[in-house]
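Bear in mind that the values here come from a model prediction, so they are computed numbers and not experimental data. The analysis underlying the following values was restricted to heavy atoms, covering all of them including side chains, and did not include hydrogens, waters or symmetry mates.
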Amino acid sequence: MIRTVLAGILLVFGCLTLQAQQSLVLNVKGTFFEDSVSGYEGWSNSNGDNFTKANYRYYNGVTYILMKPEQDMSVTFTCEAAVKKGTLDVIFLAGETPAEELSFDANATKTAVITLKKGETYKVMFKGNETKGSYKCSWVTTPI
């Protein structure tokens, strides 16, 4: 009986340890403004554990978030944009090298899958080109 209880406790502990080892940690900071805020009218934004979003009447500039993974991982980004005028570009940078770019000139939803390496810093840039509207970019991480 005691052996059965101990075996059960060890099994539960082993499952919890395995679950903890599979948890992916992606540290995200931002939103940052690359230039003066004069190119942003009616701007509001918010960020969560797995998204960043903004609404604006006029956006002509660059904002970005920074990501730094604690493990190697694949990240699937889903970006929704409502573009009433102008254009919006979402640029994924690994260092200074563009890994992927999504361009919007109308309402659309687009996805990109990026591989992130442990300890490296990545930038997700949002470049508004005399645009009006909103965007929401969310992400899901998976181990590689």
Side-chain angles (χ1 to χ4, degrees), residues 5-144:
V5 170
L6 288 175
I9 290 171
L10 289 174
L11 179 62
V12 168
F13 180 73
C15 289
L16 291 175
T17 301
L18 180 60
Q19 178 66 27
Q21 290 173 349
Q22 292 178 348
S23 295
L24 297 175
V25 178
L26 179 59
N27 298 306
V28 181
K29 294 181 182 179
T31 298
F32 300 101
F33 293 81
E34 194 162 275
D35 41 19
S36 116
V37 294
S38 63
Y40 310 87
E41 294 175 13
W43 177 271
S44 71
N45 71 284
S46 63
N47 302 308
D49 290 339
N50 70 334
F51 74 90
T52 184
K53 66 180 182 175
N55 298 295
Y56 38 85
R57 285 191 312 270
Y58 178 78
Y59 176 27
N60 191 48
V62 176
T63 61
Y64 62 93
I65 59 172
L66 296 174
M67 300 183 145
K68 188 170 186 177
E70 291 189 10
Q71 302 90 2
D72 290 352
M73 64 181 68
S74 176
V75 181
T76 302
F77 293 92
T78 302
C79 298
E80 305 167 50
V83 178
K84 297 176 183 170
K85 74 174 204 177
T87 62
L88 175 73
D89 298 313
V90 182
I91 305 161
F92 303 91
L93 295 171
E96 296 298 316
T97 307
E100 183 79 41
E101 183 172 344
L102 305 175
S103 295
F104 299 88
D105 60 5
N107 297 352
T109 300
K110 299 181 180 184
T111 61
V113 179
I114 310 292
T115 299
L116 306 184
K117 298 293 181 188
K118 175 184 177 177
E120 294 184 20
T121 300
Y122 298 84
K123 183 186 276 188
V124 182
M125 291 179 25
F126 300 88
K127 183 178 180 187
N129 304 295
E130 298 183 352
T131 189
K132 176 181 181 180
S134 63
Y135 67 77
K136 179 179 182 183
C137 191
S138 58
W139 51 88
V140 175
T141 59
T142 52
I144 55 173

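Scanning both residues, Gly30 and Asn47, for their nearest heavy atoms gives O-ND2, 2.8 Å. Smallest separation of non-hydrogen atoms from Gln71 and Val25: OE1-N, 2.9 Å. Considering all non-hydrogen atoms of both residues, Lys136 and Phe51 come closest at CE-CB, 4.0 Å.
A salt bridge is absent between Lys110 and Glu100; no separation between the charged side-chain nitrogens and carboxylate oxygens falls under 4.0 Å.
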Could you go through the side chain to side chain contact (heavy atoms under 4.5 Å, CB included) check for Val90 and Phe77 one step at a time? CA-CA 10 Å; Val90 182; Phe77 293 92; over 6 Å; no
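Looking only at atom types and distance, the side chain of Asn50 has no donor-acceptor partner in the side chain of Ser138 under 3.5 Å away. Between the side chains of Tyr135 and Asn45, no donor-acceptor pair is found at a separation under 3.5 Å. Looking at Ser103 and Asp89, their side chains do bring a donor and an acceptor atom within 3.5 Å of each other.
In this structure, the side chains of Thr87 and Thr131 stay at 4.5 Å or more apart for every pair of heavy atoms. With contacts defined as side-chain heavy-atom distances shorter than 4.5 Å, the pair Trp139/Leu26 qualifies.
Atom CD1 of Ile65 and atom OG1 of Thr31 lie 7.0 Å apart (nearest 0.5 Å). The OH atom of Tyr122 lies 9.5 Å from the CD1 atom of Ile114; values are rounded to the nearest 0.5 Å.
Centroid-to-centroid, the aromatic rings of Trp43 and Phe33 come within less than 6.0 Å.
In this structure, Lys123 places its NZ atom where more than 12 heavy-atom neighbours from other residues, nucleotides or ligands lie under 6.0 Å away. For Asn27, the CG atom counts as densely surrounded, since its 6.0 Å shell holds more than 12 non-hydrogen atoms of other residues, nucleotides or ligands.
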